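See below for the structure under consideration.
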Amino acid sequence: MYSVLLVDDEELVLDSISNLIEWERYGFRLTSTAENGAAALECFRKEPADIVITDIRMPVMDGLDLIEKLQIEYPDTVYIVLSGYGEYDYTSSAMSLGVKHYLLKPSNEKKILEVLNKVAKELAECKQQRQFLDQLQSDYNKMLPHAKDQLLRDIVLTGIYNKQDGNAIMDLFGIRQQQFLLVLFTFHDKTEYIHKFALKNIAEEVFKDEGAYLTTIIHDQILLLANSAEFDHISEKIKDVQRIYKTYYKLAVIAAVSDIGGFSSIRSMYESVKHCLNFGFTFQDDYIVTPQDIMEAERGLPLESANLKEKLASAVHTGNMEGASEAVHEASRDFESGLFDMKEAKNYCLELFLTVIRQSEGALDEFMPHVPTLHNMTNLHSAFQFLEDTAVQLAGRNSNRVAKRQSDVIDSVLQIVRDNVDNPELSLKWIGSELLYVNVDYLGKLFTKKTGTKFSTYLIAQRMELAKRLIKEERELKVYDIAIRTGYPEDAQYFSKAFKKYTGMSPMTYIKNQEGK
């Protein structure tokens with residue numbers, strides 16, 4: 001049912017038309033009547049109508065002025081003009097306003113309904129057309145994000161769009177900008193699609209004012225084609241994306257930004273930012289990599305790799321857990337100071353890992369299956385932590401083995417002393433070089449560490465204790481005989497001095513004291 005507003009300054013015309021038509025019977029509803037354009041405008045604003053039947057010549061505001069004002073505010077309303085004979089100038093003006101339907105005064109019911117039915121048909125067709133266009137617009141709006149997504153994906157993966165295609169596509173999507181930046185977001189670790197989709201939405205919202213023209217998801221990468229701007233401004237927007245995402249999803253986001261380029265350069269811009277992902281700053285979250293940064297990183301790693309490898313191997317092999325940890329930290333510090341080639345850095349970490357697992361018996365077979373795990377780590381910080389944990393663990397194992405070996409060595413030294421205490425050749429040098437084949441300096445330090453006393457002091461004490469036992473148990477022995485039996489065959493005088501120093505009395509005095517017991 002279509003609503004109708006009737007406007008005429010003649011009360012007789014208003015009454016006759018109002019009462020002449022059975023409005024609802026024919027699908028219409030007379031909402032109100034007005035005696036001039038000004039009153040009609042007020043009525044219409046209170047209750048808009050689908051159809052306005054209006055006289056042309058009226059006081060205060062004529063029909064033409066009414067139509068002109070209403071068309072601005074209500075463009076879908078259809079107008080039927082009431083005109084009398086001789087009002088051709090007014091009719092011509094109405095036609096210039098787009099009015100197509102007229103009724104000549106006076107009009108009967110048949111003529112009025114004939115025009116009303118034409119208008120109703122026109123309104124129905126307009127409604128149907130509007131619904132069709134609305135549906136098209138709705139479908140287009142739904143399709144547009146997917147089309148933009150697929151477009152950017154096709155360009156960066158195939159590069160098939162030429163300049164002519166690019167211009168047509170830019171017109172289709174309403175892109176007026178000629179220069180762009182391609183921003184790539186990705187993660188340290190594998191993530192689910194919902195996380196990538198959320199990051200894409202956050203990036204689009206943050207970059208809305210900068211013109212997030214095209215966005216897409218490729219593998220673990222979120223790409224965004226944005227308006228070219230100062231890097232400081234773009235970097236602040238990127239940091240906003242990283243901050244918001246980390247707040248809600250607790251995941252760090254890596255970002256890379258291309259150089260400025262046109263639409264036809266998008267594929268090369270993608271190759272540029274993708275190359276940036278070969279480099280990382282994984283010891284610092286939320287870093288933004290640019291092609292300019294890569295120029296420095298491609299010069300190579302400033303690592304004293306041979307010295308570090310030897311230092312780490314030695315620490316693990318000797319059971320020095322603290323030294324092993326420090327060696328790994330020293331290796332990782334070179335990566336904290338700037339960008340680096342991820343492949344080269346990962347290979348270096350693997351090389352150190354293989355060095356470490358060769359330093360402990362049985363570790364090569366045990367830890368070799370962990371090599372793929374280390375290789376697949378996307379975060380170099382985690383890789384070095386894994387390396388450190390392994391190095392410290394194996395150093396700890398070696399420490400126990402070294403401690404047992406050292407204890408065995410000292411036990412051997414003590415046994416040799418007991419078995420050879422009367423041997424004048426008995427010395428630490430003789431034991432190390434002739435019997436145990438151990439470095440004398442190392443053996444001396446190890447002996448002191450394990451026993452708490454120097455070897456020379458220990459040997460004298462053992463000989464003097466033997467001398468005391470001999471005096472007590474074999475009283476017929478002379479001082480000279482005791483000297484021989486305790487390793488001083490040719491220097492009884494030196495033996496006497498040593499004995500007096502150890503016991504506080506000479507051998508003769510000690511013997512006399514024993515005779516009185």
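One-based numbering along the sequence shown. This structure is a prediction, so every number in the text was calculated from the model and none was measured. When reading the values below, keep in mind they use all heavy atoms of this one structure, side chains included, and skip hydrogens, waters and symmetry mates.
Taking the charged nitrogens against the carboxylate oxygens, Arg57 and Asp9 have no contact shorter than 4.0 Å, which rules out a salt bridge. Salt-bridge annotation for Arg29 and Glu47: present, with a side-chain N of the basic residue lying under 4.0 Å from a carboxylate O of the acidic one. Here Lys111 does not pair with Glu114 in a salt bridge; the nearest charged N to carboxylate O distance is not below 4.0 Å. Ionic pairing of Glu361 and Arg397 is not present here: no N-O contact between side-chain nitrogen and carboxylate oxygen is shorter than 4.0 angstrom. Contact check on Asp76 versus Lys127 returns no salt bridge, with no Lys/Arg side-chain nitrogen under 4.0 Å from an Asp/Glu carboxylate oxygen. Lys100 and Glu122 are joined by a salt bridge, as a carboxylate oxygen and a charged side-chain nitrogen come within less than 4.0 angstrom of each other. We find that Asp240 and Arg243 are joined by a salt bridge, their nearest charged nitrogen and carboxylate oxygen being less than 4.0 Å apart. Electrostatic pairing of Lys208 and Glu204 does not count as a salt bridge here, judged by no charged N lying under 4.0 Å from a carboxylate O.
At least one donor-acceptor pair closer than 3.5 Å links the side chain of Ser332 to the backbone N or O of His329. Checked by atom type and distance alone, the side chain of Trp23 never pairs as donor or acceptor with a backbone atom of Ser3 at under 3.5 Å. Distance alone, capped at 3.5 Å, places no donor-acceptor pair between the Asp62 side chain and the Met58 backbone. Here the side chain of Ser399 pairs no donor or acceptor atom with the backbone of Ala395 at under 3.5 angstrom. A donor-acceptor pair is defined here as one N or O able to donate and one able to accept, closer than 3.5 Å; such a pair exists between the side chain of Thr77 and the backbone of Ala49. Thr54 places no side-chain N or O within 3.5 Å of a backbone atom of Val81 that could act as its donor or acceptor partner. A distance-only check finds no donor-acceptor pair linking the side chain of Gln179 to the backbone of Ile260 [under 3.5 Å]. Put simply, the side chain of Ser272 never gets that close to the backbone of Ser268: no donor and acceptor are under 3.5 Å apart. A donor-acceptor pair is defined here as one N or O able to donate and one able to accept, closer than 3.5 Å; such a pair exists between the side chain of Thr216 and the backbone of Asp149. Formation of a donor-acceptor pair under 3.5 Å by the Thr318 side chain with backbone atoms of Ser314 is found in this model.
The shortest distance between side-chain heavy atoms of Leu223 and Thr215 does not fall below 4.5 Å. With a 4.5 Å cut-off on side-chain heavy atoms, Val316 and Asn398 count as touching. At a threshold of 4.5 Å between non-hydrogen side-chain atoms, the residues Asp232 and Glu236 do not count as touching. Between Lys196 and Phe187, some side-chain heavy-atom pair lies under the 4.5 Å cut-off. Under the 4.5 Å side-chain criterion, counting only non-hydrogen atoms from C-beta, Leu157 is in contact with Ile218. Two residues are said to be in side-chain contact when any heavy atoms from C-beta on lie closer than 4.5 Å; Tyr270 and Leu152 fail this criterion. Put simply, the side chain of Ile222 does not reach to within 4.5 Å of the side chain of Leu184, judged on heavy atoms. Using a 4.5 Å heavy-atom threshold, the side chains of Ile112 and Glu109 count as separate.
Smallest separation of non-hydrogen atoms from Leu41 and Lys69: CD2-CD, 4.0 Å. Nearest heavy atoms, Val7 versus Leu14: C-CD2, 4.1 Å. A pairwise comparison of heavy atoms in Gly262 and Phe180 identifies C-CD1, 3.9 Å as the closest pair. Among all heavy-atom pairs drawn from Leu312 and Ala324, the shortest one is CD1-O, 3.6 Å. Of all the heavy atoms in Leu308 and Ala327, the pair that sits closest is CD2-O, 4.1 Å. Nearest heavy-atom pair, Met269 versus Leu182, reported as atom, atom and distance to 0.1 Å: CE-N, 3.6 Å.
Atom CZ of Phe197 sits in a sparse spot, with 12 or fewer heavy atoms from other residues, nucleotides or ligands closer than 6.0 Å. The environment of Glu42 atom CD is sparse: at most 12 non-hydrogen atoms of other residues, nucleotides or ligands sit within 6.0 angstrom.
Inspection of the Asp389 and Gln393 side chains reveals no N or O donor paired with an N or O acceptor under 3.5 Å. Using a 3.5 Å distance cut-off with no hydrogens or angles, the side chains of Ser325 and Glu388 do pair a donor with an acceptor. No side-chain N or O of Asp220 forms a donor-acceptor pair with one of Thr186 less than 3.5 Å apart. Neither side chain, Glu205 nor Asn201, offers a donor N or O lying under 3.5 Å from an acceptor on the other.
Rounding to the nearest 0.5 angstrom, the gap separating the CG atom in Leu70 from the CG atom in Leu97 is 11.0 Å. Distance check, rounded to the nearest 0.5 Å: CZ of Arg130 to CG of Leu133 gives 9.5 Å. The CZ atom of Phe207 sits 11.0 Å away from the CG atom of Leu225 when rounded to the nearest 0.5 Å. Here CZ of Phe132 is found 14.5 Å from CD of Glu125. Values are rounded to the nearest 0.5 Å. In this structure, CD on Gln242 lies 9.5 Å from OG on Ser235, to the nearest 0.5 angstrom. Taken to the nearest 0.5 Å, the NE2 atom of His233 stands 10.5 Å off from the CG atom of Leu181.
By the 30° and 60° cut-offs, the orientation of the rings of Tyr245 relative to Tyr249 is parallel. Between Phe28 and Tyr2, the ring planes are tilted. Angles from 30° to 60° get that label. Aromatic ring orientation, Tyr348 versus Phe384: tilted (interplanar angle from 30° to 60°).
Only one option out of Val253, Leu224, Ile202 pairs with Val241 in a side-chain contact (heavy atoms from CB on, under 4.5 Å); it is Ile202.
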Note to self: Let's go through Ile80 and Val52 carefully: what are the C-alpha distance in whole Å and the side-chain angles of both, what is the deciding distance for side-chain contact (heavy atoms from CB on, under 4.5 Å) to 0.1 Å, and is it a yes or a no?
What the structure shows: CA-CA 6 Å; Ile80 301 173; Val52 173; over 6 Å; no
Next item on the list: Determine, step by step, whether Leu5 and Ile53 satisfy the side-chain contact (heavy atoms from CB on, under 4.5 Å) criterion, reporting the C-alpha distance in whole Å, the side-chain angles of both residues, the deciding distance to 0.1 Å, and the verdict.
Entry: CA-CA 6 Å; Leu5 170 64; Ile53 303 175; over 6 Å; no
Checklist line | Step-by-step side-chain contact (heavy atoms from CB on, under 4.5 Å) determination, Met377 to Phe386 | finding: CA-CA 10 Å; Met377 287 182 177; Phe386 185 78; 4.0 Å; yes
Next item on the list: List the steps and the verdict of side-chain contact (heavy atoms from CB on, under 4.5 Å) for Glu10 and Lys105.
Entry: CA-CA 11 Å; Glu10 297 181 37; Lys105 293 181 181 180; 3.7 Å; yes
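Annotation: salt bridge (Lys or Arg N to Asp or Glu O under 4.0 Å) contacts of Lys121 (sequence neighbours excluded): none.
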